[in-house]
2 protein chains.
Amino acid sequence: MQNDERRALLLERATELFGEHGYDALSMAQIARAAKISKALLYHYFPSKHKLFEAALMAGAIELRERVQPDPTLPPAEQVSTTLEAFLLWVEERPKAYAKMLESAGAREVRETMGQVRVDTAQLILAGLGPDGERPATRAAVFGWLAFLDAAILDWIEHGDMTRQELHAMLLATFAGALIASGAGGAPMVAGQR
Amino acid sequence: MQNDERRALLLERATELFGEHGYDALSMAQIARAAKISKALLYHYFPSKHKLFEAALMAGAIELRERVQPDPTLPPAEQVSTTLEAFLLWVEERPKAYAKMLESAGAREVRETMGQVRVDTAQLILAGLGPDGERPATRAAVFGWLAFLDAAILDWIEHGDMTRQELHAMLLATFAGALIASGAGGAPMVAGQR
DNA sequence: CCTGCTTGCTGACCGCTGGTTGACAAGAGG
DNA sequence: CCTCTTGTCAACCAGCGGTCAGCAAGCAGG
């Protein structure tokens with residue numbers, strides 16, 4: 001079998017399995033068994049479990065980024081709203097996998113990688129806030145809100161008793177509230193995509 | 001050495017080490033070596049790593065609960081404010097250990113335990129909110145805010161460029177903002193201790 | 001046809017982890 | 001003196017992430 005073809009196949013299968021079991025409940029031996037190859041061959045294509053997970057994560061992140069790309073012709077507040085909506089739609093398509101990915105963020109080996117993703121996202125939002133984005137309280141508020149976002153989404157997925165529209169409105173209002181609470185003018189809410 | 005005495009000593013030492021290294025970066029063999037006993041003896045006192053961690057966590061939780069107990073003679077809004085202040089003071093005394101505990105929450109084996117702690121905390125806050133506490137959006141908002149709280153605290157610990165007063169004001173305003181965003185009246189903010 | 005090199009692939013192994021077990025030493029009570 | 005309980009540990013287990021020597025097959029050159 002060709003090198004690239006097999007690699008792509010393995011990545012696809014691994015992505016699926018990670019989304020089903022999470023990072024630390026899934027062993028390399030299991031992945032190899034599911035793909036009907038030896039563990040050593042799996043290590044031939046991916047140098048470590050951490051890197052394999054990263055590759056699977058990045059594949060998803062690229063697709064997500066395309067889907068939530070804000071429309072720069074819209075006013076800033078609209079951009080935030082539609083980007084958030086696109087994000088929630090994306091989550092709604094794969095709720096269990098998203099939940100497992102959030103869980104996996106706590107695993108020792110991938111904590112730093114996932115943390116970096118969050119830092120990048122926060123930086124994007126902060127950059128859109130202009131000078132307010134440099135104030136420590138605003139930085140903490142944006143980090144806090146990203147955690148709020150994920151926790152609220154987990155609750156949404158788990159209980160299933162809210163509409164996407166309700167959640168969207170609550171998240172958006174909380175974002176504005178957090179910015180105001182941090183002392184930022186909260187004026188030009190420019191979009192931050194994920 | 002007496003049974004209870006040794007057990008207490010081991011618990012103390014383990015609490016210290018967990019606060020220093022986190023759950024998954026610390027092995028039972030290391031704990032045993034630090035206490036100058038064999039691993040098997042450690043397992044004689046605590047049936048599993050998970051239970052040992054739980055015991056260490058509970059010891060801290062009891063102390064914390066005493067310190068943040070709200071004064072029921074104060075008006076509800078005051079109770080929230082002073083409880084939050086007491087909590088931040090507690091964190092400020094052991095910032096690194098608190099951060100490590102938050103990190104440890106992601107480890108597979110203790111995730112459920114830590115999740116339960118958070119559910120209990122949320123329940124306490126929701127109970128204080130009266131009828132609004134039963135609305136799905138408010139429940140999600142409270143869960144979200146608890147995550148906001150921890151993320152903002154991590155940012156505060158990591159960067160060290162905010163005063164406790166600033167953080168306190170930001171967290172309190174965000175809490176009110178989240179409640180309003182969830183559609184709750186936000187009126188009688190009754191205290192929820194940790 | 002044979003030889004030799006590359007390439008895809010594997011079984012067996014390593015050090016570590018959380019967790020278990022059988023046995024030894026010591027003190028108490030008869 | 002014997003026995004029973006209690007504290008203690010070395011040695012072991014299966015599973016983990018990760019490594020390595022070597023097999024099998026296809027292709028090139030003589």
Side-chain angles (χ1 to χ4, degrees), chain A residues 1-15 17-18 20-57 100-101 103-114, chain B residues 1-57 100-101 103-114:
Chain A
M1 193 176 286
Q2 294 300 337
N3 189 308
D4 287 358
E5 187 184 346
R6 169 145 264 173
R7 200 189 131 96
L9 224 78
L10 284 175
L11 188 54
E12 192 182 336
R13 195 89 187 87
T15 305
L17 289 171
F18 274 130
E20 196 171 335
H21 305 288
Y23 182 83
D24 32 32
L26 183 64
S27 74
M28 289 299 262
Q30 280 175 58
I31 298 173
R33 216 175 303 132
K36 282 166 194 157
I37 58 170
S38 74
K39 208 174 56 156
L41 185 56
L42 182 54
Y43 274 98
H44 174 74
Y45 287 99
F46 299 92
S48 69
K49 188 183 183 184
H50 167 227
K51 288 283 182 190
L52 171 56
F53 182 77
E54 219 172 58
L57 197 67
K100 284 292 176 190
M101 281 292 168
E103 266 186 24
S104 302
R108 193 170 188 298
E109 287 182 301
V110 296
R111 203 173 287 147
E112 205 168 333
T113 303
M114 301 287 275
Chain B
M1 194 176 284
Q2 295 301 335
N3 189 309
D4 287 359
E5 188 186 345
R6 171 146 260 171
R7 202 190 129 95
L9 224 79
L10 284 176
L11 188 55
E12 191 182 337
R13 194 89 187 86
T15 304
E16 190 183 322
L17 289 170
F18 275 129
E20 196 171 335
H21 304 288
Y23 182 82
D24 31 33
L26 183 64
S27 76
M28 289 298 263
Q30 279 175 56
I31 298 173
R33 216 176 303 131
K36 282 166 195 157
I37 59 170
S38 77
K39 209 175 53 156
L41 187 56
L42 182 54
Y43 273 98
H44 173 75
Y45 288 99
F46 299 93
S48 69
K49 188 184 182 185
H50 166 226
K51 288 283 181 187
L52 171 56
F53 182 77
E54 220 172 58
L57 198 66
K100 284 292 176 192
M101 282 292 168
E103 266 185 24
S104 302
R108 192 173 187 296
E109 288 183 295
V110 295
R111 204 173 288 147
E112 204 168 333
T113 302
M114 301 289 274

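Note on naming: letters A, B, ... go to the chains in the order of the sequence lines (proteins, then strands), and numbering restarts at 1 for each one. Atoms considered below: every heavy atom in the structure, side chains included; atoms not considered: hydrogens, waters and symmetry mates.
- The end-to-end axis angle of the helix from C:dC1-D:dG30 to C:dG30-D:dC1, rounded to 10 degrees and based on five pairs per end, is 40°.
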Under 3.5 Å, which donor-acceptor pairs link side chains of residues 104-112 of chain B to any protein atom two or more places apart or in another chain?
unit_1   : atom_1 : unit_2   : atom_2 : d
B:Ser104 : OG     : B:Tyr23  : N      : 2.9
B:Ser104 : OG     : B:Lys100 : O      : 2.7
B:Glu109 : OE1    : B:Tyr23  : OH     : 2.9
B:Arg111 : NE     : B:Gly106 : O      : 3.2
B:Arg111 : NH1    : A:Glu103 : OE1    : 3.0
B:Arg111 : NH2    : B:Gly106 : O      : 2.8

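- Dashed line: the shortest gap from a side-chain N or O of A:Tyr45 to OP1 or OP2 of C:dC9 is under 4.0 Å.
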* Step by step, would you call B:Leu17 with B:Gln30 a side chain to side chain contact (heavy atoms under 4.5 Å, CB included)? -> CA-CA 9 Å; B:Leu17 289 170; B:Gln30 279 175 56; over 6 Å; no
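- Applying the side-chain hydrogen bond (donor to acceptor under 3.5 Å, both in side chains) criterion to B:Thr113, with sequence neighbours excluded, gives B:His50, B:Glu54.
- You'll find the side chain of A:Leu26 stays beyond 4.5 Å of the side chain of A:Glu20, heavy atoms only.
- Between B:Met101 and B:Phe53 the shortest side-chain heavy-atom distance falls below 4.5 Å.
- If you take CG of B:Leu10 and P of D:dG7, they are 13 Å apart, rounded to a whole angstrom.
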Contacts under 3.5 Å, N or O only, protein and nucleotides 24-27 of chain C:
none

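- Comparing atom distances between the B:Ser27 side chain and each of C:dC9, D:dG17, C:dT17 picks out C:dT17 as nearest.
- The closest side-chain heavy-atom distance from B:Asp24 to A:Asp24 is not below 4.5 Å.
- In this structure, B:Arg108 places its CZ atom 12 Å from P of D:dG17, rounding to the nearest Å.
- For B:Glu12, the CD atom sits in a loose shell: 12 or fewer heavy atoms of surrounding residues, nucleotides or ligands are nearer than 6.0 Å.
- In this structure, the NE2 atom of A:His44 is 8 Å from the C1' atom of C:dT7, given to the nearest Å.
- Between the CZ atom of B:Phe53 and the P atom of C:dG18 there is a distance of 13 Å, given to the nearest Å.
- Counting to the nearest Å, the C1' atom of C:dG18 and the CG atom of B:Leu52 are 12 Å from each other.
- Applying a 4.0 Å cut-off to non-hydrogen atoms, the residues of residues 33-43 of chain B that approach DNA chain D are B:Ile37, B:Ser38, B:Ala40, B:Leu41, listed by residue number.
- Residues passing the side chain to side chain contact (heavy atoms under 4.5 Å, CB included) test with A:Ala40 are A:Ser38, sequence neighbours excluded.
- Taking 4.5 Å as the limit, some side-chain heavy atom of B:Leu11 sits within range of a side-chain heavy atom of B:Phe46.
- When the P atom of D:dT19 is taken as reference, atom NZ of A:Lys51 falls 13 Å away, rounded to whole Å.
- Note: CE (A:Met28) to C1' (C:dT10) measures 16 Å, nearest angstrom.
- Put simply, CD1 on B:Ile31 is 11 Å from P on C:dT17, counting in whole angstrom units.
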* To do: Determine, stepwise, if the pair A:Leu52 / A:Ile31 fulfils side chain to side chain contact (heavy atoms under 4.5 Å, CB included).
  => CA-CA 11 Å; A:Leu52 171 56; A:Ile31 298 173; 3.9 Å; yes
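- Contact between A:Leu42 and A:Ala32 at its shortest, heavy atoms only, is CD2-N, 4.0 Å.
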